[in-house]
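So the structure is just underneath, and the comments pick up after that.
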Protein chains: 2
Amino acid sequence: MIFISIKGCTRGINMEAKVIFDRFLSSRGMRRTAPRDKVVNVFLKIEKHISTQDLYSIVHRTHKEIGYATVARTLKLLDEAGLCRKVDFGDGTVRYEHKYKHEHHDHLACTGCGKLIEIYNKKLEKIQDELVKKHGFIQKSHRLNIFGLCPKCQKRKA
Amino acid sequence: MIFISIKGCTRGINMEAKVIFDRFLSSRGMRRTAPRDKVVNVFLKIEKHISTQDLYSIVHRTHKEIGYATVARTLKLLDEAGLCRKVDFGDGTVRYEHKYKHEHHDHLACTGCGKLIEIYNKKLEKIQDELVKKHGFIQKSHRLNIFGLCPKCQKRKA
DNA sequence: GTTCTATTGATAATGATTATCAATATCTAA
DNA sequence: TTAGATATTGATAATCATTATCAATAGAAC
């Protein structure tokens with residue numbers, strides 16, 4: 001199932017994000033290469049939750065010479081550089097979403113059609129923080145995915 | 001990583017749960033068999049979040065004749081019968097937890113040692129319900145996993 | 001007991017991810 | 001600018017969890 005965000009928006013290649021990525025590479029003693037550059041460019045242009053396979057297919061259209069492994073490795077690097085975030089909807093495929101200049105959010109997904117809504121609620125975050133503190137933990141991350149039926153799918157099934 | 005619940009407790013085989021499972025089987029025109037019975041017995045005795053492989057290993061100790069596929073299939077049935085629930089911590093392995101006579105809860109997991117705390121908060125649930133309604137959805141399920149460092153692991157790393 | 005067919009267990013297939021490695025491209029220092 | 005050291009690449013193999021296959025087996029109804 002393809003999860004499509006309704007909050008998606010298109011913008012030009014994010015130069016700031018690219019600079020961050022390049023800095024990240026050099027801070028690790030890694031090299032800036034043409035294949036990495038191309039994969040990053042394509043990723044930054046797509047405002048969707050995409051799997052490695054998805055991104056590979058898109059990259060492959062314009063850059064036949066770039067292999068699956070490079071796409072997978074570059075997504076991992078983007079994650080480590082803080083430019084994207086892994087999202088797991090529990091269907092066996094990890095997806096990635098943009099993180100740079102994107103607010104933290106949770107997900108409301110329709111199990112009928114895959115429609116995906118990004119949700120955010122301050123109270124929700126606050127209560128979580130309190131619960132974490134209560135147990136003496138230091139929070140690293142959290143993942144809230146709500147699954148349900150969207151209005152359209154409710155009608156379709158009725 | 002093995003996630004160990006600190007809320008785990010041991011009790012005898014839950015006869016009520018077994019009755020529910022048997023009714024579930026016959027309602028589907030499925031048969032009650034010795035292998036299924038054994039797998040269910042073992043599962044009901046273990047109050048942990050376990051993977052298929054985990055349960056297979058445990059079952060295998062006392063029932064060498066039972067195969068992996070049967071364990072996997074029986075866990076699926078237990079899920080469908082409402083006796084267990086899939087839990088996904090995003091590490092590539094699906095785990096199952098008890099659901100019969102167990103309140104709904106979310107998870108607070110330590111990324112250092114795998115310690116797992118089951119958390120529940122009414123407000124958290126209420127806010128989620130409101131968010132879902134606001135978007136016209138009907139909620140089917142949700143999954144909230146918080147990841148962080150437990151007090152012990154904080155000290156160990158300091 | 002006989003018959004029908006659901007179930008089993010071994011194993012193959014699948015699908016996503018990760019590892020391997022020889023060939024290649026990048027970076028750095030002279 | 002070039003040469004050398006080595007990070008990176010792309011193809012593919014390996015891995016891991018899960019799911020599908022199928023002949024043999026064993027419930028259930030008569």
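Below, read A as the first sequence line, B as the second, and so on, with proteins coming before strands; counting in each chain starts at 1. Keep in mind the model is a prediction, meaning the values are calculated, not measured. FYI, side chains are in, hydrogens and waters are out, and symmetry mates aren't considered; it's all heavy atoms of this structure.
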Side chain to side chain donor-acceptor pair (under 3.5 Å) with [X]: which residues, sequence neighbours excluded?
X         : answer
His98(A)  : none
Ser51(A)  : Asp54(A)
Gln128(B) : His142(B)

Please report, rounded to the nearest Å, how far the [atom2] atom of [N] is from the [atom1] atom of [X].
X        : N       : atom1 : atom2 : value
Lys38(A) : dT8(D)  : NZ    : C1'   : 14 Å
Asp22(A) : dT26(C) : CG    : C1'   : 14 Å
Asp54(A) : dT17(C) : CG    : C1'   : 15 Å
Arg36(B) : dT25(D) : CZ    : P     : 19 Å
Ile66(A) : dA11(D) : CD1   : C1'   : 15 Å
His63(A) : dA11(D) : NE2   : P     : 15 Å
Ile50(A) : dT17(C) : CD1   : P     : 12 Å
Leu55(A) : dT17(C) : CG    : P     : 12 Å

Might you confirm whether atom NZ of Lys64(A) has over 12 heavy atoms from other residues, nucleotides or ligands at distances under 6.0 Å?
yes
Can you list everything that forms a salt bridge (Lys or Arg N to Asp or Glu O under 4.0 Å) with [X]? Sequence neighbours excluded, please.
X         : answer
Lys99(B)  : none
Arg143(B) : none
Asp37(A)  : Lys18(A), Arg32(A)

NA contact type, Arg32(B), heavy-atom cut-off 4.0 Å: base, sugar-phosphate, or nothing?
sugar-phosphate
Using ring-ring contact (aromatic ring centres under 6.0 Å, His included) as the criterion, list what pairs up with His135(A), not counting sequence neighbours.
none
Residue list, ring-ring contact (aromatic ring centres under 6.0 Å, His included) with Tyr68(A), at least two apart or on another chain
Tyr56(A)
List in chain and number order the residues that pass side-chain contact (heavy atoms from CB on, under 4.5 Å) with Leu77(B), two or more places apart in sequence or in another chain; answer none if no residue qualifies.
Phe21(B), Phe24(B), Leu25(B), Arg28(B), Met30(B), Arg36(B), Glu80(B)
Considering only nitrogen or oxygen atoms on both sides, find all protein atoms under 3.5 Å from nucleotides 17-19 of chain D and state each distance.
residue	atom	partner	partner atom	Å
dT18(D)	OP1	Val94(B)	N	2.9

Axial bend angle, the helix from dG1(C)-dC30(D) to dA30(C)-dT1(D): five-pair end segments, nearest 10°
30°
Verdict with reasoning, His107(A) to Phe89(A), per ring-ring contact (aromatic ring centres under 6.0 Å, His included):
CA-CA 9 Å; His107(A) 295 105; Phe89(A) 293 120; 5.3 Å; yes
N/O-N/O pairs, protein side and nucleotides 23-25 of chain C side, under 3.5 Å:
none

